Amino acid sequence: MAPRSREDETELPSSPTLADTKPDYSLLAGEDFSLKYTTIRGSNFNGLIQRILRRDCGAVCKLATSRTPELRKVAGRIGNMIAADMEAHLLRAARAKGRGNSSRNKGRNSGSMYTWASDILEWTESQPLPLNNESDDSNEGQYSDDSELLGLDADYVAPFFESFMLFVAHHINEYFVCDRASELLDPEDCRLILPIAHNNREAEDSDASSVAYVNPADFAAFECGMFPIGGSVERQAAPAPHLVVGGAEVVRHRSDCNEAEQRLAKKTKALFFNQHNRRFAWGLTARSCTVRAYVFGMDNIWASTDMDIASAEGRQALASLLVDWSLCPVDRLGFDPSIRYVLDGDNGHPYLEIDVYEVDENMSHARKRTYYSQRCIGAADRLTGRRTRYFAASTDPKSMGEPAFLIKDVWSTSGSGSANDTRESSVLNILHAEFDGSSEFSNNFAQLVSAGPVSIRQGDALVADTTDTAFAGLPSTSRTRQHRRTVTKLEGSLISEVDDENQVVVAIADAMTALTAAYAKCKILHGNISDRAILLQKAADGIKGVLADFDYAFIFGSSAVETPESMLFQSILSLENSGTGRSPLDDAESLFYLACNLATFGISRADRAEFVAGRRLPISSWNKGAAEDIASIKRFHMSTVGSFDEEIQARMRDGPLRNLALDMYRALFRHPGTFGTRRITNAELEEIRDDDIAVALRALPVIDGRRDPLALRNLFMDEIIRNLLDILAWHRNRALAALHAGVASTAPKPTTRPSAGPSLKHYRDEVPLAGPSKRPHQ
C-alpha cells in the first residue's frame with residue numbers, strides 16, 4: 001500500500017494491531033474456518049406461515065382461561081349461562097321466522113337481542129352451495145365432500161359473526177350490571193370484546209406500496225377490541241391501537257383458507273409493530289359456519305380445532321372463548337403488564353411505563369425500577385422471532401423529552417443461565433473490563449446500566465416471562481425463549497434519528513474502530529451490525545459513534561453462532577452458512593451494506609417513507625427471500641466493478657455516504673490478493689494467470705463444481721482491516737470538518753432513480769494517491 005501523508009489530520013485513536021502474519025493457506029481447512037451456526041429462514045412470508053402453523057391444537061382456547069380454579073369456574077358458569085340463553089333465543093327466533101316475522105329491517109346496531117339471535121340463526125341454518133350452483137334435483141347429494149362446496153359470501157357471514165360477539169358481550173355486561181358477579185371478579189380487570197367496524201380491504205402488505213382491495217364476497221374482515229364493562233354493546237369505531245385484541249378474517253372458498261391465514265398474519269404483524277406491549281396475539285378466521293382461533297407466538301402459530309356454529313357444541317365453544325377473553329388477566333390475551341400505556345400524561349401526550357427487574361437466581365427477590373418513554377425508536381417489525389423493541393426512556397416522567405437511557409426489549413434464546421445475565425450484558429462487561437476508563441476505547445461501547453428477565457406477577461408470585469410459561473400446554477419444538485430487557489445509557493441518538501450524512505459517516509467510522517478493538521483484545525465479533533447497533537453521542541471533537549446491540553456477539557472460533565433474523569446487512573458468507581469461518585471482515589462487510597442502504601434510501605425515517613419506489617431497486621432484494629438467494633444476489637452485485645456500479649452505486653444519492661460506500665467496496669471486494677466474489681469453475685481456474693492466486697484457489701474445497709474466492713479474503717484480513725481503518729479515518733475527518741464548518745449534508749429527496757453521479761470507474765481514476773487530506777490509496 002502506498003504511503004500517505006497525514007499532515008494536518010486529526011487521527012482516530014490507534015487501533016490495537018491485529019495479528020500481522022503472512023497468509024497461510026493451510027488455515028483454510030482449519031477449525032477456525034469451519035464454524036457452524038443455526039438459523040431458520042423462510043423463503044417468503046407465506047411459506048413461513050405454513051411452515052410454523054400447527055393446526056388442530058385442542059389446547060389453544062384453554063390458553064385464555066384464568067389461572068385459578070375459582071375464576072375458571074366463574075367463567076364456566078357464565079359461558080354455560082350464555083350458551084343456554086343463546087339456544088333459547090335461537091328457538092324463539094326460529095319460531096318467529098316460521099310465523100313470517102323477519103328481523104332484517106331492525107338493523108344490527110339496534111342492540112336488539114332478537115336481531116342478534118336472528119342473525120346467529122341465519123348463520124347456523126345457511127349451508128354452502130354446490131360449486132356449479134345448479135338448482136335441479138339431479139345434483140342432490142352429489143357434493144358430500146366439503147371441497148366440492150362453495151362457501152357463504154364473506155360479507156354475508158361477517159355481520160353474523162359480529163352479532164354473535166355482541167350477544168356474548170351483552171350478557172357479560174348484564175352479569176356485572178345486575179350485581180350477579182362473583183366477588184372474585186373486579187369489573188376494572190375485565191372487559192367487553194366487541195367488533196370494530198368490519199371492512200373489505202386486505203391488510204396492508206409490508207412488501208407492497210399500496211393497499212389492495214378484494215371482492216367482498218370472497219373476503220371480509222374486522223377486528224376485536226377491548227371496551228370497558230358497562231359501556232354500549234354495539235359495533236364500535238376503531239379504538240386506540242393498544243386496545244385491539246386481534247383480527248378476524250372471513251372467507252368464502254375452501255381454497256381461500258390459507259389466504260385468510262396469511263391475511264390474518266399480516267395484520268398481526270402490524271399489530272406487533274403498533275402495540276409496544278404485545279407479547280403474543282390472538283386471531284380468528286371463519287368460513288361458512290366454521291370458526292377457528294389462532295395464537296401467534298414467537299416461533300409457532302397454533303390453530304384451534306374447528307368450532308361449528310351450526311352445532312350447539314360449537315356455539316358454546318366460541319361463546320366460552322369470548323367469555324375467557326373478557327375475564328382473563330391481560331397477559332393471557334398476549335399483553336405485557338410490565339409495559340403500561342398512560343393516556344393522560346401531564347403534558348397531554350400518552351407515554352409508556354416500563355418496569356425493569358433485577359432478580360436473583362431463584363426469582364425470589366426482585367428490585368424494580370420503572371422507566372418512562374414517549375418514543376419507541378425501534379418497533380417489532382417481524383411476525384416471529386425475537387420481536388426486538390427499543391425505547392428511549394428516562395427515570396422521571398417529567399424528563400421524557402430528554403431521555404438518558406435506551407431500553408431494549410427482546411425475546412432471546414441466549415444466555416448463560418444466570419437470571420440477570422444475557423449475552424449482551426456478558427459481552428459489555430468483558431469489553432468494559434478490558435477497556436477500563438483509562439483506555440482510549442473505553443467510550444466506544446455502550447454503557448450497561450442493568451439487564452434482566454421480564455417478570456410477570458401471577459397472584460403473589462413473580463414469574464419469569466418465557467415461552468414455556470406463556471404457551472404452557474401448546475405443542476412446540478422450538479427452543480425456549482426468555483423475555484429480557486437491557487438498559488444502557490443513551491447520551492445521544494440512533495443513527496436513524498439524525499439528519500446529516502456527515503454524522504452517520506463519523507458513527508460508522510467509530511463503529512469500525514470499536515469492532516477492530518473488540519476483536520484484537522477480546523476476540524469478540526459483533527454479528528449483528530445494523531442501523532440500531534450504532535449510537536451517536538457527544539464527544540470532545542463534536543460527536544462520536546458508540547457500538548451497541550451485542551445480542552448476537554460471539555467469540556471468534558465458536559462452534560455455534562446464532563444468526564440474526566434480519567438478512568439485510570448480513571455478510572455473504574454468514575448468509576450461506578458454507579463452513580467458511582466468521583471474521584472481523586464479516587462485521588466490516590455489514591457496515592458496508594449499511595452505508596449502501598443509507599446512501600440509497602436516506603438516513604431518516606422521513607426519507608425512507610418518501611421512497612415509495614425504492615422497493616423496485618436491486619438493493620431491495622437484499623432483504624427478501626431465502627438466505628441463500630440473498631447471498632447469491634449480493635455475490636452478483638459485488639462480483640465486478642461494473643455490476644456494483646450499475647446495480648448499486650448508480651441508485652445512490654450524491655453525498656458523503658455514497659463516497660464512503662465506494663471506497664469500502666474497493667477495500668473489501670477488490671483486494672489484489674483475492675479474486676472477487678463470483679465462484680470459480682475449473683475451466684475458469686485454468687485461465688487465471690496469477691500463480692499465487694491460482695494455487696490458493698486450487699487449495700479451496702470444491703462445492704457444486706466451484707471454488708469460492710471469498711474464502712481467500714480471511715488470509716489477508718489484517719491488511720484489509722488496516723486499509724479500511726485508514727479509509728474510514730479519512731472520511732471521518734472530512735465529515736467532522738464539514739460539521740465544524742456548519743456545512744450540512746442534505747441529499748436531494750429520493751426519486752424513482754436517484755442521480756447516479758460519476759461512474760465508479762471514473763471515480764476510481766480520480767482518487768489521489770497521497771498528500772494531506774487526501775483519500776488513502778487502495
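Keep in mind it's a predicted model, so treat the numbers as computed, not measured.
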Original post:
T268 and Y294: side-chain contact (heavy atoms from CB on, under 4.5 Å), yes or no, with the steps?
Top reply: CA-CA 11 Å; T268 304; Y294 296 79; over 6 Å; no

Could you check whether any side-chain N or O of [X] sits under 3.5 Å from a backbone N or O of [Y], counting only pairs where one atom can act as donor and the other as acceptor?
X: R389; Y: G378; value: no
X: R485; Y: V454; value: no
X: R279; Y: D331; value: yes
X: S326; Y: L322; value: yes
X: Q275; Y: V244; value: yes
X: T466; Y: T469; value: yes
X: D186; Y: E188; value: yes
X: D324; Y: K62; value: no
X: D85; Y: M81; value: no
X: D465; Y: S455; value: no

Looking only at heavy atoms, which two atoms of [X] and [Y] are closest? And how far apart?
X: E353; Y: T370; result: CB-CG2, 4.2 Å
X: S394; Y: D396; result: OG-O, 2.8 Å
X: C190; Y: F176; result: SG-CZ, 3.8 Å
X: T486; Y: A451; result: OG1-CB, 4.1 Å
X: A59; Y: G473; result: CB-O, 3.5 Å
X: A392; Y: S373; result: O-OG, 2.8 Å

Subject >> Residue from F471, W411, F335 passing ring pair (Phe, Tyr, Trp, His ring centres under 6.0 Å) with F280 >> reply: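 Single pass found, and it is F471.
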
**OP:** Only one of Y390, F391, Y371, Y372 passes ring pair (Phe, Tyr, Trp, His ring centres under 6.0 Å) with F405; say which it is.
**Re:**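 Among the candidates, only Y371 passes.
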
**OP:** For the pair K408 and D551, evaluate side-chain contact (heavy atoms from CB on, under 4.5 Å) and give the outcome as yes or no after the intermediate values.
**Re:** CA-CA 10 Å; K408 181 165 69 174; D551 264 355; 3.2 Å; yes

Using a strict threshold of under 4.0 Å (side-chain N to carboxylate O), is an ion pair present between [Y] and [X]?
X: D355; Y: R340; value: yes
X: D336; Y: R278; value: no
X: E424; Y: R484; value: no
X: E223; Y: K267; value: no

**OP:** Start with the C-alpha distance between D468 and Q482, add both sets of side-chain angles, then the distance that settles side-chain hydrogen bond (donor to acceptor under 3.5 Å, both in side chains), and finish with yes or no.
**Re:** CA-CA 9 Å; D468 288 345; Q482 186 169 41; over 6 Å; no

Subject >> Steps toward side-chain contact (heavy atoms from CB on, under 4.5 Å) verdict (C257, E249) >> reply: CA-CA 9 Å; C257 290; E249 290 286 332; over 6 Å; no

Pair [X] and [Y], ring centroids less than 6.0 Å apart:
X: F161; Y: F222; answer: yes
X: Y552; Y: H526; answer: no
X: H171; Y: Y175; answer: no

pair [X]-[Y]: side-chain heavy atoms closer than 4.5 Å:
X: E261; Y: R55; value: yes
X: L243; Y: Y341; value: no
X: R292; Y: D306; value: yes
X: W282; Y: V60; value: yes
X: I407; Y: V487; value: yes
X: L192; Y: I229; value: yes
X: P329; Y: R67; value: yes
X: F445; Y: L448; value: no

Original post:
In Å, rounded to the nearest 0.5 Å, how long is the span from CE of M400 to OH of Y351?
Top reply: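 Between M400 CE and Y351 OH, I get 6.0 Å after rounding to 0.5 Å.
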
Subject >> CG-CG distance between N528 and D549, expressed to the nearest 0.5 angstrom >> reply: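 With rounding to 0.5 Å, CG (N528) is 5.0 Å from CG (D549).
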
Subject >> Verdict with reasoning, T488 to Q447, per side-chain contact (heavy atoms from CB on, under 4.5 Å) >> reply: CA-CA 5 Å; T488 54; Q447 300 288 320; 5.8 Å; no

Subject >> R532/T388 under side-chain hydrogen bond (donor to acceptor under 3.5 Å, both in side chains): CA gap, chis, key distance, verdict >> reply: CA-CA 10 Å; R532 296 179 177 182; T388 307; 5.8 Å; no

